[in-house]
Structure formats: C-alpha cells, structure tokens
Visitor: 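Can you keep this structure in mind? I'll have questions shortly.
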There are 2 protein chains.
Amino acid sequence: MELPERKRRILKAIVENYIDTAEPVGSKALADSFDTPISSATIRNEMSELEEMGYLEKPHVSAGRVPSFAAYRLYVNELMDRHRVATNELEAMRLMMESKMREIDNIVVSASKVIGEMTQHTAVSMISRKGGDRVKRCELIAVDSGSTYAAVLVTGSDVKNKMLRLASPVAPSTAAMLCTALNLAISENRLEYLLPSVAQSMGEDSQVYQMTSDILDFIRQTEAGSKPEVYIDGAARLLDNREYQDTGRAREVLEYFSDRSKVGELLESANGDPINVRIGPELQDPSMRDASLVFTSYQIDSNTRGIVGIIAPARMDYADVTAKLIAFTQTISGVMGRQRKQLKDAGETDERRTEDEEDGSR
Amino acid sequence: MELPERKRRILKAIVENYIDTAEPVGSKALADSFDTPISSATIRNEMSELEEMGYLEKPHVSAGRVPSFAAYRLYVNELMDRHRVATNELEAMRLMMESKMREIDNIVVSASKVIGEMTQHTAVSMISRKGGDRVKRCELIAVDSGSTYAAVLVTGSDVKNKMLRLASPVAPSTAAMLCTALNLAISENRLEYLLPSVAQSMGEDSQVYQMTSDILDFIRQTEAGSKPEVYIDGAARLLDNREYQDTGRAREVLEYFSDRSKVGELLESANGDPINVRIGPELQDPSMRDASLVFTSYQIDSNTRGIVGIIAPARMDYADVTAKLIAFTQTISGVMGRQRKQLKDAGETDERRTEDEEDGSR
DNA sequence: TCTTAGCACTCAGGGGTAATGAGTGCTAAA
DNA sequence: TTTAGCACTCATTACCCCTGAGTGCTAAGA
C-alpha cells in the first residue's frame, strides 16, 4: 500500500508548489520544475492516478490540481522534510524570549506574540494544568472598612484572587479564624465538612456562612480550572491569506476565535508528541474547514504546561511552521531551565533539568 | 451662520438615508421621500450649496451625494433626534446585566458583551481609575517552600498579585517584617525612604533587598496604572459592514484593535458628557479614518469608572447607538445602585443613590 | 427672487461576446 | 512504459455597448 517513489515525489512537489503559489498546479509547469526530465504526459498519468487515490482534486476540468486534505496529511506525516531554522533566526527568537519571559504571568501572551511574529500567522497560546489547579492555601484580606474581602488562593504555580462583597462587616478576628479553619480543611482534604460545621456554629444566615460558601465556590471553580486563559495573537494576519479574502469566510473564523473556550478545548487535546497537526476537517468545526492547526506543548513546571500553536489555511508551510515551533519549545525550555538552574544554584540542588529530548515516535 | 431650516432637513434626510442604505443618495429619490413636495431640481440646488459648504461629497459625477465627516458631526450635534429604546429592549438589557454583573471582576467583559449584542457592532470596554490606582496595603505570601513569594496589593477597589521568584529563601518572619515596614511606609506615604533603609540594614545584595525592590516596582507600576484592561467584543461584526468588505481595510482596523493600549488611550479621553462621539478623522489614526467611536462612562465606585462604547463605520446609526448606550449606563447604575443599597440596608446607611439624572448639556 | 420643468451630458455597472491560454484526456508511436 | 501530438474544456480577461441614475444649466413660471 506504500506509494511508489515517483508518485511520492510528484505529490510532494504539487503540495509544495501549491503552498507556495496558492494556485492549482498543472502538469507542464510541474514537469519543468524537475531536474530529472519527465514529460508532462507522464505526470498527467500519475496525477490522474493520484486523483483516483484521493490525494488530488480538480477545482474544475481545465485547471490544474490541488492537494486534498489527505495529501496534506501524508505530506506532514511522511513527505515533508523537517528542516531546521536558521541560526540567526534562532538567536533572534532567544533574544525576544529572554526579554519577554521574565514574568511568568505573561508567559502565554509572550509565547503567542513570539511565535506569531516568527511565522507571520495567527498564533494561539494557553496554559494547561494537570487535572486543574490544586489549591494549596488560602488567605483572607479585608479590603474595605469591614464589608469587602479578598480571597487569595495559592495554587501550584499561581495565585488567584477574588473580591467578596458582603452585606455586613465581618470582624477581622472572625475572618482570621475562618482562614485558619479553611487552611486546615484544605490540608486535611476535608473541605466538604467545613460548610456544615460553619452552619452549625454560626447559623445559616450569618455573614460568615455566606463568605465561606463563596470561598468554597471559588475554590471549586479554580480546581475545576474553569476557564483557561487563551491568547490569540495576530488574528488579523489571517486576512492576508488568499483563502480568507472572502469576508464571509474570514468572519466565520474570527468568530470562532472569539470563543476562547473552543480554541482552548482544541489546544487541550495536545498529546505528548513534539508536534500535533490537525488538518481541515480534523478540526471538527465547519468554520475551520479549510484551516489547519499546528501546535506543541512545553513544560513550565511539574504539573503545568504551556501550549502554543499557529492557525493558518490548510495550505500553509508545514515544514517551516513545524521547525519554528520545535525551535520555540527548545528555546523556551532552555530559557526556563536556565532560570530554574539559577534559582537552584543559589539555594540547594534537587532537580535535574531535562532538555533536548528527541522523540521520533510515529 | 446657522443653516436654514430647509437645508437642515435635506441634510438630515441625506445622512439618514445614507446610514440606511450605504448608497449615495440622489435628488430624485430624496424629493420623493419628503411629505411636503419639493422638486428634485430644488433639492439639487440645495445639495450643490451643501456641497460647497463641505457637508456633502460626490463619489463621482453621476452618482448621488454622500455625507462628509462634517455632516456626521453636525448630525450628531444638532440634527439627529434622540430617541428612546423600546421598553422591551430595555427590559432585555436589564436582564442580561443582572445575570452577568454579579462579579465585579468581569464587569468590563460583560459590559462589552451586552452592548455589542444590543447594537450588533463591535463593542469596546475598559475600567479607568482616577489618577491610577492608589495602593492601600500589601501582603506577602510564601507560595513555594522558600523561594517564591506572592505580593498582593490592595487598591481602591481591586486586588492585584504578582509572583516573585527569589534566588534563595527568605524566612517567613523576615517577610512578615518587611510586610509591616511596607505597610507603614505606605500609610505614611514615605515609600521612597524604604529601599535605602533596607539596603543599609540588610545589604544591597541580600534577598530581602531584591524582594523589596521588586515589590516597589510593582507598586509603582500599579499606581501608574500601566496597562488598563480593554475588552473588545465582536470584532468580527465589523466585517458585516459594506465599508469593510475590502479585506485590506478590515485588516487595518483589526490590527488597530489588537493594540489594546491604543484603544484604551482613546477611551480614556471620555469626558463628563453623557455621550462622546469621535468621528473618522477625529480619531487621529489613519486606519480608523472611516470609522467612528461612540462611547460613554459610568461610575463603578467613587474613584473608578467604566467606559464602554462601540466602534463602527462612520456611517452608523448614531441615534440608535447613542440611545442604547445611554440606556445602558442608566441600567447599570440602577443595577449597581441596587447592589450598593442592598449592602447598605443590611449595615448602616450613608450613601444616596443617584440615578436618572437628565443632562441636556450642549 | 425663488422654484420648477426640461434637456443635454456624464459615467458606473451590467450583460453579452470573443479571444486567450492553461490544463486535461486520449491515442499512437517510440 | 514513456512520450509526443492533438482535440477539447472552461475559467478568466478584455472589450464594447447599453442602460439608468444622477448632475448642472437654462429658461419659464409663481
């Protein structure tokens, strides 16, 4: 069932040509582009067979051929040559990142900016935590004179806060007690008993009860990882592509983008592979039918990973995009490894940095 | 220099017709639309005078006339009749808001969603604090075993946090001391003396010094109000408009949107007027040359206000948009007033809610 | 003096037709 | 199995003409 060598070469050439020009490619032009001379007639024969096999499509009878989604799939899986990014580009990337990555909170933003800038496509980026965030500790801080409190949750690698507006003031000492009780319950993993016990001792319509219930909701929400923050950079760049010259199509995709949770869900499906590619229909959404998503993930800390990728027309330069994404994750784990190392060197040592693991799976 | 009555009526009709159809309006069609019969010839005469005065433009000699930016300006300032939104729409808005406004943190997001939905245009929204945020208090929380701290700042109406990664651990007791010192310095307004004194007692390369300096930077950043959060809803809706059928134009504007700080700056210029309107060139940005921004602000608390508006082609239904924005601010201050009232009723009473103030300025 | 009817003129947009040319499939010879 | 040749298809472009909406101007009417 393996495709014979010549067919592979022809298909590869067609895909690359189409990626380049966005125009159906014909037998004549293709024949000329080969160094070993093959006649256009031969190519025509091969083409019509490739068409039968489902790798090519004709927009209409007298145009050239266009790769099908199956062709793109084959191309990324087998045909494409994986090239490396030029060292000067790599250096530029490292510089961009060193300067932007100083603060962990905007690592997602920076990631999408950097990769968007590099590829000149629309970049998406998010942070995913293993099984949601585990809340480790909780603090209560009076903000207003009396009635407004902030609940601050400390999780694996982040701190979240929420304002609580209470109808009547709660004494700081009461709040401190509640805080202690909460932390005890968290550390003993018995959160579910807390609310009933508060109800018993303070009454169901006490302010403290209300406050506790709000905080528990917040904890639950945080641990469920309710809404992952998804960043999108350069959505407008999509309009540069021929396939989105038609405003109708463009609108569909931009609308899809505006629902971050959909995009987030897509990205969450990243598996351990160094590079994930979802082509056209594989994205399972009609508005994305002629786009592809190429993405990858990188480790931020033991249970947090970043996911970053680019969305562009199915006709995109997969080789280039893939190479840049790989370079990106390597650079970022380099940058973060260095930071981590710096941290450890000054204190004690207990973690080995894992970098440059090659994974030739599939 | 007042425009005579008939010219005003004609200009108004032209603007409204153009808003409606997006097509140059001609003398004949216009004549027919009047109840008091005027001949098309008369209208032609009036039109050519209006053109001389700079209120009308001809796309080309044999088309009708199109309003100039000056015409839109005149229209919003004097010609347009300010209509009210239908009560059922108002009710729908109130419902949408009641459900979405429960949490203050996403008031901006909800505001842009609601108003975007109502007008079917691109909505922008942000929060602006009077003279930046004043930091009132600060807390330090150890996150990791030793080396990672969170600084939590309490400001007028919000809480901000930032992770600090330190090279070596700082003892909790030291952190607590630093915290006390910080709060003292804040309350006495002598922040600038803190760093030198830490340097003196702990040494310039101590961890505490580093930490202090980081926190002070964060405080400064917060007080400068570095980056206001600007939300944009329904950017894709822009593509529905005839003037952005051309992808080039659309791209320009979408790119403009992606620079939130620019949009934020624009919105910051809201003055006390119930409604602000910036038409085309008044936006001072070439990519926005044929768009307009209509926006308004509403009070969130004593020194925080929200700003919300819509961005659409200069040819937009100003009367409708304006009415909806006004209805929005009234509804929101109603909703928030009720929340505030609820809060006070349960505790003490000290603030009167101000609602339904009519302001016929200008 | 203002308004209106009439008329000549302009010009974008629509529809039809023809020319162009890239590309195909098929056949027959190498 | 490959290649040259040939007839055929059909999207795209250019061209042209026509139509109709709209203008400006002039002269007559109120």
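When reading the values below, keep in mind they use all heavy atoms of this one structure, side chains included, and skip hydrogens, waters and symmetry mates. Naming convention: chains lettered A, B, ... in sequence-line order (proteins, then strands); numbering from 1 in each chain.
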Visitor: Return whichever of B/Val61 or A/Ser62 has its heavy-atom-nearest nucleotide of DNA chain C closer to the 5' end.
Guide: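 Nearer the 5' end of the strand: B/Val61.
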
Visitor: Over how many whole Å does the gap from B/Glu5 atom CD to C/dC2 atom P extend?
Guide: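 Rounded to the whole Å, the gap is 17 Å.
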
Visitor: Looking at A/Glu57 and A/Arg65, is there a salt bridge between them, counting it only when a charged N and a carboxylate O are closer than 4.0 Å?
Guide: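 Salt bridge: no.
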
Visitor: Thinking salt bridges, do A/Arg237 and A/Asp233 make one under a 4.0 Å N-O criterion?
Guide: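 Salt bridge flag = yes for A/Asp233 with A/Arg237.
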
Visitor: Provide, to the nearest angstrom, the distance between the NZ atom belonging to B/Lys7 and the P atom belonging to C/dT3.
Guide: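 Taking atom P of C/dT3 as the reference, NZ of B/Lys7 is at 9 Å.
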
Visitor: Could you state the CG-P distance from A/Asp32 to C/dA22, rounded to the nearest angstrom?
Guide: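 Atom-to-atom, A/Asp32 to C/dA22, this comes out as 12 Å.
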
Visitor: With respect to the phosphate group of C/dT4, does any side-chain polar atom (N or O) of B/Ser39 fall under 4.0 Å of OP1 or OP2?
Guide: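 True: B/Ser39 side-chain N/O within range (under 4.0 Å) of C/dT4 OP1/OP2.
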
Visitor: Between A/Ala41 and A/Pro24, who's closer to the 5' end of DNA chain C by nearest nucleotide?
Guide: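 Nearest nucleotide further toward 5': that of A/Pro24.
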
Visitor: Decide yes or no on side chain to side chain contact (heavy atoms under 4.5 Å, CB included) for B/Ile232 and B/Thr122, but give the supporting numbers first.
Guide: CA-CA 7 Å; B/Ile232 297 185; B/Thr122 305; 3.8 Å; yes

Visitor: Could you tell me whether the phosphate oxygens of D/dT23, OP1 or OP2, come under 4.0 Å of any side-chain nitrogen or oxygen in B/Ser27?
Guide: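 Answer yes for this pair, as a side-chain N or O of B/Ser27 is under 4.0 Å from OP1 or OP2.
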
Visitor: When all nucleic acid strands are considered with a 4.0 Å heavy-atom cut-off, which category describes B/Ala63: base, sugar-phosphate, or nothing?
Guide: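 Since only primed, P, OP1 and OP2 atoms lie under 4.0 Å of B/Ala63, the category is sugar-phosphate.
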
Visitor: Does A/Thr42 have a side-chain nitrogen or oxygen under 4.0 Å from the phosphate oxygens OP1 or OP2 of D/dT3?
Guide: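 For D/dT3, OP1/OP2 do have a side-chain N/O of A/Thr42 under 4.0 Å.
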
Visitor: Rounded to whole Å, please give me the gap between OH in A/Tyr18 and P in C/dG23.
Guide: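 From A/Tyr18 OH to C/dG23 P: 14 Å.
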
Visitor: The side chain of A/Met47 lies closest to which of these nucleotides: C/dT10, C/dT24, D/dC10?
Guide: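 Selected nucleotide: C/dT24.
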
Visitor: Within less than 4.0 Å of OP1 or OP2 of C/dG25, is there a side-chain N or O belonging to A/Lys58?
Guide: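 Yes, because at least one side-chain N or O of A/Lys58 sits under 4.0 Å from OP1 or OP2 of C/dG25.
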
Visitor: How is A/Lys28 classified with respect to the nucleic acid when contacts are heavy atoms under 4.0 Å: base, sugar-phosphate, or nothing?
Guide: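 The residue A/Lys28 makes no contact with any strand.
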
Visitor: Determine whether a donor-acceptor pair (one donor, one acceptor, N or O, separation below 3.5 Å) exists between the side chain of B/Arg44 and the base of C/dG6.
Guide: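 Flag set: donor-acceptor pair detected.
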
Visitor: Starting from P on C/dC2, measure out to CD1 on B/Ile43 and report it in whole angstrom.
Guide: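 In whole Å, C/dC2 P lies 17 Å from B/Ile43 CD1.
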
Visitor: Start with the C-alpha distance between A/Ile279 and A/Val277, add both sets of side-chain angles, then the distance that settles side chain to side chain contact (heavy atoms under 4.5 Å, CB included), and finish with yes or no.
Guide: CA-CA 6 Å; A/Ile279 296 170; A/Val277 182; 3.8 Å; yes

Visitor: Of the listed nucleotides (D/dA21, D/dT9, C/dG25), which one gets closest to any side-chain atom of A/Arg65?
Guide: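 The listed nucleotide nearest to A/Arg65's side chain is C/dG25.
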
Visitor: Using a cut-off of less than 4.0 Å, is there contact between a side-chain N or O of A/Arg6 and OP1 or OP2 of D/dT1?
Guide: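 Result: no.
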
Visitor: When the distance from CD of A/Glu23 to P of D/dA11 is rounded to whole Å, what number comes out?
Guide: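 Atom-to-atom, A/Glu23 to D/dA11, this comes out as 15 Å.
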
Visitor: Separation of A/Ile38 atom CD1 from D/dA4 atom P, in whole Å?
Guide: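 Going from CD1 in A/Ile38 over to P in D/dA4 covers 12 Å.
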
Visitor: Decide, yes or no, whether a salt bridge links A/Arg242 with A/Glu23 under the criterion of side-chain N to carboxylate O below 4.0 Å.
Guide: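 So A/Arg242 pairs with A/Glu23 through a salt bridge.
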
Visitor: Between A/Asn45 (CG) and C/dA28 (P), how many Å, whole number?
Guide: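 That distance rounds to 15 Å.
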
